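The next block holds one structure in the form of structure tokens; read it before the comments.
Computed from a predicted structure; not experimentally measured. Throughout, numbering of the chain's residues begins at 1 and tracks the sequence.
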Amino acid sequence: MDVDLAPATGQLSQLARERARAEARETEAMLGYRDAELARIADLERPLQRQLETAAIALDIGQAMGLSETQVHGRLASADRVRQHTPGVWVAFRDGAINEHRVREISATVAVLQ
């Protein structure tokens with residue numbers, strides 16, 4: 001590989017930050033969709049219908065994003081935990097300083113500490 005063609009490390013860092021910010025935007029969109037659906041579902045009269053539609057939220061998100069329901073539940077739980085208990089970590093995620101994988105690791109640590 002020609003050394004002159006290798007990207008500068010600064011460019012690589014910037015790309016990593018952009019990817020992390022994109023992951024944060026994805027996660028925020030997932031949370032927003034879930035919260036809007038939960039608000040809509042809360043107004044339904046029949047309890048069984050509320051239960052079925054609530055269960056379908058993760059499936060809908062998963063289908064839209066190419067994730068399993070388990071992955072969706074994990075990402076949402078991690079995001080909720082980090083936003084609630086470590087807001088500075090959430091800000092760092094949104095700024096691209098840390099990626100989604102690290103957010104999950106921090107969330108798991110927070111869960112153990114509680």
Quick check: does any side chain N or O of S107 sit under 3.5 Å from a backbone N or O of V103, one acting as donor and the other as acceptor?
no

Of the non-hydrogen atoms in A55 and E69, which two are nearest, and what is the gap between them?
O-OE1, 4.1 Å

Look at E105 together with R102 and state whether they make a salt bridge at an N to O cut-off of under 4.0 Å.
no

Spacing of CD belonging to E53 relative to CG belonging to L59, to within rounding of 0.5 Å
12.5 Å

Does E23 reach the main-chain N or O of E100 with its side chain, forming a donor-acceptor pair under 3.5 Å?
yes

With side chain to side chain contact (heavy atoms under 4.5 Å, CB included) as the test, pick out the partner of W90 among E28, H85, R81.
E28

Closest non-hydrogen atoms of A20 and I98, given as atom of the first, atom of the second and distance, are CB-O, 3.4 Å

Interatomic distance, H101 atom NE2 to I106 atom CD1 [nearest 0.5 angstrom]:
10.0 Å

Please report the interatomic distance CG(D80) to CG(D35), rounded to the nearest 0.5 Å.
7.5 Å

Not counting sequence neighbours, which residues clear side chain to side chain donor-acceptor pair (under 3.5 Å) with H73? List them please.
none

Tell me, yes or no, whether the heavy-atom count around R46 atom CZ, taken from other residues, nucleotides or ligands under 6.0 Å, exceeds 12.
no

Just wondering, more than 12 heavy atoms not from Q51 lying within 6.0 Å of its CD?
no

Main chain of A97, side chain of D95: is a donor-acceptor contact present, judged purely on distance under 3.5 Å?
no

Taking it one step at a time, do I57 and I41 satisfy side-chain contact (heavy atoms from CB on, under 4.5 Å)?
CA-CA 10 Å; I57 293 172; I41 291 167; 3.9 Å; yes

Measure the spacing between CE of M65 and CD of E26 and express it to the nearest 0.5 Å.
3.5 Å

Nearest 0.5 angstrom please: R21 CZ to R25 CZ, how far?
7.5 Å

Taking atom CD as the centre, does Q49 end up with more than 12 heavy-atom neighbours from other residues, nucleotides or ligands that are less than 6.0 angstrom away?
yes

Interatomic distance, CD1@I61 vs OG@S68, rounded to 0.5 Å, equals 12.0 Å

V72, L38: one ILVMFWY side-chain cluster at the under-4.5 Å cut-off?
yes

